[in-house]
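Remarks on the structure that follows.
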Amino acid sequence: MPIKLEGSCHCGAVRFTVQSSTPIPYQLCVCSICRKVGGVGGSINLGAHSDTLEVKGREHIGVYKAVFNRDTADEYIASSERNFCTKCSTMLWLYDETWLVITCGPSQPFDVALRPELLHPFASAIDSPELEPPGEMVVAMTDSKPAYVRLPEGKKSVHEIYGEDSIEGWHKKHGKFIE
């Protein structure tokens with residue numbers, strides 16, 4: 001049975017619970033979006049089941065849709081929604097009803113699937129349970145990381161874009177997926 005995650009914003013105006021089959025905070029994204037909305041080091045997103053999300057303080061939630069290719073002729077607005085507290089600016093979760101999940105790699109066959117049931121809580125917003133640290137961090141999107149951003153200590157794999165596994169795929173490969 002999936003694990004219940006309990007989270008909140010810094011000021012306490014927004015509190016939420018959601019069920020997760022993929023609760024290990026193993027992947028740090030250091031892209032410009034994650035660094036600017038999540039802080040200097042980037043963001044770590046977990047996976048969760050969107051239909052289990054329960055929110056108190058919904059009236060204090062704002063939505064930010066990231067701008068891609070800013071200040072260029074190719075600029076566009078993302079369909080994904082970064083939900084945050086409008087009182088203290090804590091990033092809470094990421095959601096996109098149009099998300100496609102593409103899997104491929106040595107451990108998985110190629111597949112494309114529409115996955116609107118996925119929601120990605122920011123690990124930094126989770127209060128309980130205590131999240132299990134991974135044996136190895138995966139650092140993604142280093143092609144847009146400025147030199148001053150330091151990578152985490154310890155064992156890690158570093159990728160210019162993304163690693164080969166989806167959040168679900170990584171959890172299954174490491175025996176951490178919760179049915």
Side-chain angles (χ1 to χ4, degrees), residues 1-68 70 75-101 113-134 137-141 144-145 149-152 162 166-171 176-179:
M1 177 170 207
I3 188 169
K4 180 180 180 180
L5 301 176
E6 297 179 19
S8 65
C9 65
H10 186 262
C11 72
V14 180
R15 298 177 190 278
F16 67 94
T17 62
V18 68
Q19 297 291 320
S20 175
S21 294
T22 54
I24 308 297
Y26 79 95
Q27 182 171 257
L28 171 67
C29 182
V30 295
C31 77
S32 64
I33 300 166
C34 288
R35 283 185 291 102
K36 290 184 182 226
V37 302
V40 69
S43 297
I44 298 174
N45 291 322
L46 307 172
H49 306 283
S50 63
D51 61 347
T52 66
L53 179 66
E54 295 180 12
V55 181
K56 292 179 183 171
R58 192 174 290 276
E59 67 273 18
H60 300 295
I61 293 177
V63 171
Y64 172 67
K65 292 187 173 195
V67 178
F68 284 91
R70 189 177 72 192
E75 181 176 301
Y76 68 96
I77 304 297
S79 58
S80 57
E81 300 175 346
R82 286 166 171 77
N83 291 256
F84 64 95
C85 173
T86 59
K87 292 182 78 174
C88 69
S89 301
T90 299
M91 297 305 296
L92 302 166
W93 63 82
L94 178 62
Y95 176 74
D96 189 333
E97 68 182 15
T98 68
W99 258 337
L100 290 176
V101 174
L114 184 63
R115 300 291 301 269
E117 74 275 11
L118 295 178
L119 177 126
H120 296 289
F122 285 78
S124 56
I126 302 303
D127 300 316
S128 69
E130 180 75 24
L131 298 175
E132 178 184 335
M137 286 295 295
V138 173
V139 182
M141 302 300 288
S144 65
K145 179 189 80 62
V149 173
R150 299 291 180 236
L151 298 181
Y162 288 103
S166 66
I167 293 176
E168 183 176 312
W170 184 93
H171 279 76
K176 301 293 184 178
F177 186 80
I178 303 168
E179 294 288 339

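All residue numbers in this chain count up from 1 along the given sequence.
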Return the CG to CD distance between L5 and Q19, rounded to the nearest 0.5 Å. 7.5 Å
Which pair of non-hydrogen atoms, one from I178 and one from P2, has the smallest distance, and what is that distance? CG2-CA, 3.7 Å
What verdict does the side chain to side chain contact (heavy atoms under 4.5 Å, CB included) test give for V67 and I77, after you've listed the backbone C-alpha separation in whole Å, the side-chain angles of each residue and the deciding distance to 0.1 Å? CA-CA 5 Å; V67 178; I77 304 297; 3.6 Å; yes
Validation row: K145, V139 side chains within 4.5 angstrom (heavy atoms): no
Passes side chain to side chain contact (heavy atoms under 4.5 Å, CB included), I167 versus F177? Steps please. CA-CA 10 Å; I167 293 176; F177 186 80; over 6 Å; no
List the steps, then state whether side chain to side chain contact (heavy atoms under 4.5 Å, CB included) holds for L53 with W93. CA-CA 10 Å; L53 179 66; W93 63 82; 3.7 Å; yes
Under the salt bridge (Lys or Arg N to Asp or Glu O under 4.0 Å) test, which residues partner E6, sequence neighbours left out? none
Would I44 and M137 satisfy side chain to side chain contact (heavy atoms under 4.5 Å, CB included), going step by step from the backbone distance to the final call? CA-CA 10 Å; I44 298 174; M137 286 295 295; 3.9 Å; yes
Compare all side-chain heavy atoms of M1 with those of E179 and state whether any distance is below 4.5 angstrom. no
Taking G47's backbone N and O only, do any of them form a donor-acceptor pair with S20's side chain (distance below 3.5 Å, no angle check)? yes
Could you tell me which residues satisfy salt bridge (Lys or Arg N to Asp or Glu O under 4.0 Å) with K176, sequence neighbours excluded, listed by chain and number? E132
Heavy atoms only: give me the nearest A78-F68 pair and the separation to one decimal. CB-CE1, 3.2 Å
Are any of the side-chain heavy atoms of L119 and T52 separated by less than 4.5 Å? no
In Å, rounded to the nearest 0.5 Å, how long is the span from CD of E54 to CZ of R58? 10.0 Å
Less than 4.5 Å apart, any side-chain heavy atom of L94 and any of N83? no
So do P25 and L46 actually touch side chain to side chain, heavy atoms under 4.5 Å? yes
Measure the spacing between CE of M141 and CZ of R35 and express it to the nearest 0.5 Å. 10.0 Å
Heavy atoms, side chains only, cut-off 4.5 Å: are N45 and Q27 in contact? no
Using only atom types and a distance under 3.5 Å, with no angle test, would you say the side chain of H171 pairs donor to acceptor with the backbone of I24? yes
Where do G41 and L28 come nearest, in terms of heavy atoms and distance? O-CD1, 3.4 Å
Rounded to the nearest 0.5 Å, what separation is found between the CG atom of L118 and the OG atom of S50? 7.5 Å
Residue list, side chain to side chain contact (heavy atoms under 4.5 Å, CB included) with S8, at least two apart or on another chain: R15, D127
Around atom CD of E59, are there more than 12 heavy atoms from other residues, nucleotides or ligands closer than 6.0 Å? yes
Looking at S80 and Y95, would you say the former's side chain and the latter's main chain have a donor-acceptor pair under 3.5 Å? no
Shortest non-hydrogen separation from G62 to T86 and the atoms involved: N-CG2, 3.4 Å
Of all residues at least two apart in sequence or in a different chain, which pass the ring-ring contact (aromatic ring centres under 6.0 Å, His included) check with Y162? none
What pairs with Y64 under ring-ring contact (aromatic ring centres under 6.0 Å, His included), at least two apart in sequence or on another chain? none
Find the distance between OG1 (T22) and NE2 (H120) and round it off to the nearest 0.5 Å. 7.5 Å
Side chain to side chain contact (heavy atoms under 4.5 Å, CB included) involving C9 - partner list, sequence neighbours excluded: C11, A13, V14, C85, C88, T90, L92
